[in-house]
There are 2 protein chains.
Amino acid sequence: MSSRATIADVARLAGVHPGTVSRALNRKTESQVNPETVGRVRSAAKQLGYTPNSIARGLRTSSSMTVGVIIPDLTNPIFPPIVRGIDSHLAPLGYSAVVVNTDGSDQAERLLFESLVQRQVDGFIFATGHSGHSIAGEAYERGIRAVMVNRDSRGVPFPAAVGDDAQGIRESLHHLWNLGHRRIVHLAGPPGFSTSQIRAESFVSECAVLGIQGEVVQTAAYSVEAGQATMDLILERPGPRPSAVVAGNDLLALGVYHSLRTHGLRCPDDVSVVGFNDMPFAGDFQPPMTTVRAPHFELGAEAARLLVNQIEHSILTALRVVLPVELIVRASTGPVA
Amino acid sequence: MSSRATIADVARLAGVHPGTVSRALNRKTESQVNPETVGRVRSAAKQLGYTPNSIARGLRTSSSMTVGVIIPDLTNPIFPPIVRGIDSHLAPLGYSAVVVNTDGSDQAERLLFESLVQRQVDGFIFATGHSGHSIAGEAYERGIRAVMVNRDSRGVPFPAAVGDDAQGIRESLHHLWNLGHRRIVHLAGPPGFSTSQIRAESFVSECAVLGIQGEVVQTAAYSVEAGQATMDLILERPGPRPSAVVAGNDLLALGVYHSLRTHGLRCPDDVSVVGFNDMPFAGDFQPPMTTVRAPHFELGAEAARLLVNQIEHSILTALRVVLPVELIVRASTGPVA
DNA sequence: CTTTGAACCACAATCGATTGCGGTATCGGA
DNA sequence: TCCGATACCGCAATCGATTGTGGTTCAAAG
């Protein structure tokens with residue numbers, strides 16, 4: 001490892017004290033040193049290829065220009081766009097993101113969280129919010145800066161950037177209504193997630209508005225397997241089957257596809273399904289999926305903005321930024337038979 | 001921000017010198033201090049909830065327990081599993097991964113690279129290798145530790161963890177041969193990538209073995225759009241059309257799907273297509289895609305292992321770890337009409 | 001009873017930056 | 001000529017850990 005130039009080397013070359021070099025090189029303190037000296041220091045720094053050691057700086061300033069991003073599972077396709085959005089806002093400001101996966105385990109999350117705190121990250125972006133999310137609450141009490149993205153933690157007053165779940169469900173329902181569907185079930189995500197709750201609530205309230213009896217069935221997870229298993233149950237019980245299902249997200253919807261297929265049913269001819277998120281390649285599924293597009297990239301960018309505000313200006317408003325969503329109609333929904 | 005306990009606090013409480021605390025708390029140096037004292041220090045540390053400040057430690061030891069992971073684009077679905085694999089190996093060892101996206105831009109990559117060097121990362125994992133990849137060469141000359149994953153940089157003697165591209169192509173071709181296909185084109189990825197080159201080379205050599213005239217057509221990028229555009233060209237030129245296409249990766253194969261559809265052709269009835277990578281949800285496409293499964297998670301883990309070996313034991317063998325791949329036959333391939 | 005050596009631990013330097021404080025030089029005004 | 005204000009910059013402390021060096025204690029060996 002070739003040793004890099006330090007501030008002392010620059011000082012020596014420029015013939016000034018290290019402290020002066022530090023001041024000359026920082027915008028905020030540049031005014032405290034003679035412009036001519038600044039020039040001399042600048043060129044000495046360039047000549048040596050000097051770049052400040054951010055570890056040393058971090059030790060002194062107790063900031064690491066790093067934020068921790070805690071997500072359940074990077075291989076869930078909605079998260080990469082969120083991470084990209086976060087990065088797009090953070091990188092130009094000189095921050096780096098350390099992203100970690102919890103696999104949905106609170107215990108893993110706690111470990112990761114502590115390890116990032118120990119690393120002196122300047123703040124957190126949680127994509128793991130849920131009711132009873134003690135880690136966020138703890139973070140808040142310890143005075144740690146954080147924001148929630150996509151989902152929020154019930155009762156923890158961190159800012160959050162989320163999609164307009166209610167609007168998305170409303171649009172889905174109206175779309176189905178216009179197609180003639182009256183017997184509709186909502187495959188709700190697991191309880192405890194704000195997304196599950198809001199989507200389910202707005203499903204029932206909008207069904208009331210439309211005057212149809214909507215049924216909500218809970219799933220065990222936001223996964224293809226859970227979607228399939230739950231749909232299996234619905235199809236195998238006695239009584240008439242629904243003509244359409246509003247899935248809590250695209251993964252569940254995909255599970256519904258699988259279930260329909262194994263039961264010899266066709267989509268949308270026999271039952272229509274609409275997803276949520278418009279994850280990548282949703283339009284390439286069999287059939288191309290009608291779903292609600294959530295602006296994940298922007299959600300990430302917005303969350304990063306909220307966090308930086310908090311870090312740099314100590315602005316901690318219990319802000320909730322809600323971004324609009326859009327129904328993308330493809331081929332998994334059709335007129336009722 | 002509530003001030004955390006420092007090593008001095010622990011020292012005070014345990015009635016020893018901070019240096020002793022440091023030794024008592026580190027496995028490597030624990031033997032240098034009286035077991036009884038170790039116990040005293042340990043309990044004092046626990047009582048205060050002491051965790052070492054890794055920034056301070058990093059300054060002294062000039063290591064950050066952080067590695068930079070440089071990938072083209074996290075939203076390309078093959079990368080999340082790689083990142084997970086990297087993380088799975090790194091996290092238990094106490095390392096964190098900082099992953100950044102270059103969007104395929106060498107200039108962006110250079111900026112990101114320098115910013116990570118400045119952050120004192122202990123090493124790099126490049127998923128951006130290509131011929132003329134000057135950044136890797138530069139890193140090598142500067143004595144920076146790094147490994148390549150998925151692809152390698154021609155001529156840069158960093159270790160690499162890659163899939164067995166040749167085997168994958170061979171299996172694809174044999175599968176198609178057995179189905180009766182004799183007129184096959186290979187949609188090769190953009191030149192400069194080792195994956196493109198190896199896959200194309202093994203395509204022509206295996207065609208020679210089988211005694212069929214294989215054609216390879218290059219694409220501009222590993223993307224759906226490039227795949228569609230290139231396939232459009234192939235379908236619209238005069239002469240007989242191929243009965244099967246071996247795509248350089250799943251994204252290209254998906255582009256082929258689109259092209260076939262817009263030309264009123266059906267897959268696999270009119271033309272069979274096989275992809276490469278078996279990206280998530282490849283089995284849910286229309287039709288479910290026959291493709292070569294590459295062990296991305298394991299590739300990531302292997303790359304991390306290679307890097308840690310280098311960092312901790314200075315083992316820099318120009319090692320090339322090649323992991324086996326497996327053909328997954330689904331519904332996009334069928335007997336020739 | 002002295003010497004030797006091992007075991008244990010304290011001291012202080014060190015990593016590379018930032019920053020409060022104080023000293024010097026310069027200049028204008030009285 | 002002297003004083004005070006201002007601008008500039010150096011000094012040294014500091015962040016919180018790690019680690020080389022050396023001193024003390026104690027037991028075993030001579």
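Chain letters run A, B, ... following the sequence lines, proteins first, then strands; residues in each count from 1.
When rounded to the nearest whole Å, the span between NE2 of His17(A) and C1' of dT19(C) equals 11 Å. For the pair Asn34(A) CG and dA25(C) C1', the interatomic distance rounds to 12 Å; values are reported in whole Å.
When the C1' atoms of four end pairs are superposed on the next four at each end of the helix from dC1(C)-dG30(D) to dA30(C)-dT1(D), using five pairs per end, the two resulting axes differ in direction by 60°, to 10°.
Salt bridge Glu30(B)/Arg42(B): present, at least one basic N to carboxylate O contact under 4.0 Å. Comment: Glu114(B) engages Arg142(B) in a salt bridge, judged by a side-chain N to carboxylate O separation of less than 4.0 angstrom. Ion pairing of Arg12(A) with Asp9(A) is present here, as a side-chain N (NZ or NE/NH1/NH2) and a carboxylate O approach within less than 4.0 Å. Ion pair Arg145(B)/Glu312(B) not flagged as a salt bridge, since none of the NZ, NE, NH1 or NH2 atoms sits closer than 4.0 Å to an Asp/Glu carboxylate oxygen.
The backbone N or O of Ser64(A) sits less than 3.5 Å from a side-chain atom of Asp122(A), completing a donor-acceptor pair.
Using cut-offs of 30° and 60° for the angle between ring planes, the His130(A) and His133(A) rings count as tilted. Taking the six-membered ring where tryptophan is involved, the planes of Phe193(A) and Tyr222(A) are essentially parallel, since the angle between them stays under 30° and well short of 60°.
On the nucleic acid side, DNA chain D contacts chain A at distances under 4.0 Å to non-hydrogen atoms, with the end points of that region at dC8(D) to dG16(D).
A residue-by-residue look at Val38(A) and Arg60(B) shows that Val38(A) has its nearest nucleotide of DNA chain D further toward the 5' end. Between Arg40(A) and Thr51(B), the one whose closest nucleotide on DNA chain D sits nearer the 5' end is Arg40(A). The residue among Gly19(B) and Thr61(A) whose nearest nucleotide of DNA chain C lies closer to the 5′ end is Gly19(B). Both Thr20(B) and Val21(A) lie close to DNA chain C; mapped to their nearest nucleotides by heavy-atom distance, the more 5′-ward contact belongs to Thr20(B).
Among the atoms of the strands shown, none is found under 4.0 Å from any heavy atom of Ser54(B).
For Ser22(A), the side-chain atoms get nearest to dT18(C) when compared with the rest of dC8(C), dA10(C), dT18(C).
Put simply, the side chain of Val149(A) does not reach to within 4.5 Å of the side chain of Val147(A), judged on heavy atoms.
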